[in-house]
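These values consider heavy atoms only, across backbone and side chains, with no hydrogens, waters or symmetry-generated copies.
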Amino acid sequence: MENFWESFYDAIKEMIFSDKIYVFREIVKEPKTIREIAEAVGMPYVTVRKYMKWAYERGLATVVGTKKERGAISEKWLLTFVPEVIDVREDNLVVKIKLKIKMRKEFCEQICPFKEKCPAYKRLRKGDEILPYREVEIEKRKFSGEQIELCKHLSR
């Protein structure tokens with residue numbers, strides 16, 4: 001079961017350190033359809049749909065409703081957690097981001113494998129308005145090099 005959190009954090013890391021972050025920032029505050037997200041971020045519909053499917057498989061996003069759009073029913077997507085950046089540091093060639101990830105009710109109800117033992121989930125079921133959270137630090141190596149027109153030759 002501990003592998004669940006490792007893979008969840010890895011997915012968050014991949015989301016934050018890629019262009020996926022622009023898509024997911026759109027569904028942190030309120031649910032949106034894939035078409036609404038695509039229009040807001042200026043990405044092709046198919047790319048956004050691919051990202052949403054990727055996030056759904058990892059528990060990062062879920063469908064929370066439907067909306068009639070152009071004569072068809074569209075699903076409204078929402079991030080299952082609310083990321084809050086606490087600290088960003090650069091340590092040599094590593095960027096470290098400390099996050100507070102607040103879990104939404106949808107995360108607790110649909111995704112979390114520990115809900116039966118979790119005291120926060122019991123409170124949520126009673127109707128308490130709480131956001132359980134975890135603090136996590138993610139990091140990414142960055143690379144830098146000299147910007148010159150020609151390659152340098154190595155001397156033997």
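Both V88 and I138 are part of a single hydrophobic cluster, where members link through side-chain heavy atoms under 4.5 Å apart. V48 and V64 are members of different hydrophobic clusters when ILVMFWY side chains are connected at heavy-atom separations under 4.5 Å. Both F24 and I101 are assigned to one and the same hydrophobic cluster, defined by single-linkage of ILVMFWY side chains at heavy-atom distances under 4.5 Å. Note: the hydrophobic cluster containing V94 does not contain I12 (ILVMFWY, side chain heavy atoms under 4.5 Å, direct or indirect links).
More than 12 heavy-atom neighbours from other residues, nucleotides or ligands sit within 6.0 angstrom of CZ on F17.
Taking CD from E75 and OG1 from T66, the interatomic distance works out to 8.5 Å, rounded to the nearest 0.5 Å.
The aromatic rings of W5 and F114 sit parallel to each other, their planes meeting at less than 30°, with 60° as the upper class boundary. By the 30° and 60° cut-offs, the orientation of the rings of F107 relative to F4 is tilted.
Residues satisfying the ring pair (Phe, Tyr, Trp, His ring centres under 6.0 Å) test with Y133, not counting sequence neighbours, are none.
Side-chain N/O atoms of E106 and T62 include no donor and acceptor closer than 3.5 Å.
Of the charged side-chain nitrogens involved, none lies within less than 4.0 Å of a carboxylate oxygen, so that D87 and K98 do not count as a salt-bridged pair. Checked for salt-bridge contact, R58 and E14 miss the test: no charged N lies under 4.0 Å from a carboxylate O. At a threshold of 4.0 Å, the pair K32-E39 does not count as salt-bridged, since none of the basic side-chain nitrogens sits closer than that to a carboxylate oxygen.
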